[in-house]
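I have placed the structure first, in the form of structure tokens, so that the comments after it can refer back to it.
Residue numbers start at 1 and run along the sequence shown.
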Amino acid sequence: MSEGAALTGPDGAARCPWALSTPDYVTYHDEEWGRPVHGDDALFERVSLEAFQSGLSWITILRRRAGFRAAFADFKIAAVADFTDEDRARLLADPGIIRNGAKIDATLANARVLADWAQGELDELIWSHAPDPAGRPAPKTLADVPAITPESTALSKALKKRGLRFVGPTTAYALMQACGLVDDHLETCVARGRR
């Protein structure tokens, strides 16, 4: 078997190898990762969580997601845009999230930027960068899955140009994978093609 190929889990189904390291990942992999996400607030949450994940393991963020949602008003853009200096201090002291000042500041600044956008504008901008699925062969191993693509670089530039922070090309590609703009489940993975 090739290194990085799909592995058979305890239930007999083949999955992307990263999904089998913890039950939390199995659930996330099978039920969320790679499925289309729409809606400005939902996408703001994903943009924010991908930024917090930068430099960390995704499992660290996944296990704190409930804490993040509680701390950031369920990632409602309008609510987070109204956060005050007292809210920032509360976030920096909150053990239920990653207490990184730069990432907290970026999330608050991004909400303020997005609060001025028209409804649906974030969704439209992100999804306008989805590549043609017919032009992307299913990856056979993890080595076939890129870290960045021309589309993620373009999405990163578009978001930055509009004033968003912590949205580099790698983070943009992780967002594209998580939100279903691309299907990077391996060719033999049980979740491949589930949309």
Quiz item: Quick one: are Trp127 and Leu181 in side-chain contact, heavy atoms under 4.5 Å?
Solution: yes
Practice problem: Please round to the nearest 0.5 Å and tell me the distance separating atom CG of Leu122 and atom CZ of Phe44. | Solution: 9.5 Å
Self-check item: Arg46 versus Ala178, closest heavy-atom pair with distance
Solution: NH1-O, 3.6 Å
Quiz item: With side chains defined as the heavy atoms from C-beta onward, is the minimum distance between Ile126 and Val47 less than 4.5 Å?
Solution: yes
Quiz prompt | Modelled atom types, side-chain donor and acceptor of Asp87 and Thr84, under 3.5 Å | solution = yes
Quiz item: Measuring from Asp24:CG to Arg63:CZ, what's the distance to the nearest 0.5 Å?
Solution: 4.5 Å
Quiz item: How about Phe83 and Arg90: do any of their side-chain heavy atoms sit closer than 4.5 Å?
Solution: yes
Quiz item: Hey, are the side chains of Arg69 and Arg65 touching, using non-hydrogen atoms and a 4.5 Å cut-off?
Solution: yes
Exercise. Please report the C-alpha distance between Tyr25 and Leu62 in whole Å, then the side-chain angles of each, then the deciding distance to 0.1 Å, and finally whether the side chain to side chain contact (heavy atoms under 4.5 Å, CB included) criterion is met.
Key: CA-CA 8 Å; Tyr25 266 164; Leu62 191 59; 4.1 Å; yes
Exercise. With rounding to the nearest 0.5 Å, note down the distance linking CD1 in Ile97 to NZ in Lys103.
Key: 11.5 Å
Practice problem: Look at the side chain of Arg192 and the backbone N and O of Asp183, then say whether any donor-acceptor pair between them is shorter than 3.5 Å. | Solution: yes
Quiz item: Okay, side chain of Asp40, backbone of Asp123: is any donor-acceptor separation there less than 3.5 Å?
Solution: yes
Quiz item: How long is the span from the CG atom in Asp82 to the CD1 atom in Ile77, to the nearest 0.5 Å?
Solution: 12.0 Å
Quiz item: Do any N or O atoms from the side chain of Ser21 and from the backbone of Trp18 form a donor-acceptor pair under 3.5 angstrom?
Solution: yes
Quiz prompt | side chain to side chain contact (heavy atoms under 4.5 Å, CB included) between Asp11 and Val26, intermediate numbers included | solution = CA-CA 11 Å; Asp11 62 356; Val26 173; over 6 Å; no
Exercise. Quick one: pull up CZ in Phe166 and CD1 in Ile104 and give me the separation to the nearest 0.5 Å.
Key: 11.0 Å
Quiz item: If only atom types and distance count, is the side chain of Asp74 paired as donor or acceptor with the main-chain N or O of Lys76 below 3.5 Å?
Solution: no
Quiz item: Should Ser48 and Asn110 count as side-chain neighbours, where that means a heavy-atom distance under 4.5 Å?
Solution: no
Quiz item: If Ile, Leu, Val, Met, Phe, Trp and Tyr residues are connected whenever their side-chain heavy atoms lie under 4.5 Å apart, and connections chain through other members, are Ile148 and Val145 in the same group?
Solution: no
Quiz item: Any idea which heavy atoms bring Ala158 and Leu125 closest together, and the distance?
Solution: CB-CD1, 4.0 Å
Self-check item: Pairwise side-chain contact, Arg165 with Val113, heavy-atom cut-off 4.5 Å (strictly under)
Solution: no
Quiz item: Minimum heavy-atom separation for Pro17 to Leu7, with atom names?
Solution: CB-CD1, 3.8 Å
Exercise. Heavy atoms only: give me the nearest Pro146-Thr149 pair and the separation to one decimal.
Key: CG-CG2, 3.6 Å
Quiz item: How far apart are the closest heavy atoms of Leu91 and Arg99, and which atoms are they?
Solution: O-CG, 3.6 Å
Quiz prompt | Glu124, CD atom: more than 12 neighbouring heavy atoms under 6.0 Å | solution = no
Quiz item: Do the side chain of Arg35 and the main chain of Asp30 share a donor and acceptor less than 3.5 angstrom apart?
Solution: yes
Practice problem: Report yes if some heavy atom in the side chain of Leu49 is under 4.5 Å from a heavy atom in the side chain of Phe75; otherwise report no. | Solution: yes
Self-check item: Test item: Arg162 and Trp117 side chains (from C-beta on) under 4.5 Å apart, heavy atoms
Solution: yes
Quiz item: Any donor-acceptor pair under 3.5 Å linking the side chain of Ser152 with the backbone of Thr170?
Solution: no
Exercise. Kindly give the heavy-atom pair with the smallest separation between Ile98 and Phe52, and that separation in Å.
Key: O-CE2, 3.4 Å
Exercise. Nearest 0.5 Å please: distance from the CZ atom of Arg112 over to the CG atom of Leu114.
Key: 12.0 Å
Using residues 184-191 as the side-chain source, report each donor-acceptor pair under 3.5 Å to any protein atom, sequence neighbours left out, with the distance given to one decimal.
unit_1	atom_1	unit_2	atom_2	d
Asp184	OD1	Arg136	NH2	2.8
Asp184	OD2	Tyr173	OH	2.5
Asp184	OD2	Gln177	NE2	2.9
His185	ND1	His29	NE2	3.1
His185	NE2	Trp33	O	2.9
Glu187	OE1	Lys140	NZ	3.3
Glu187	OE2	Lys140	NZ	3.4

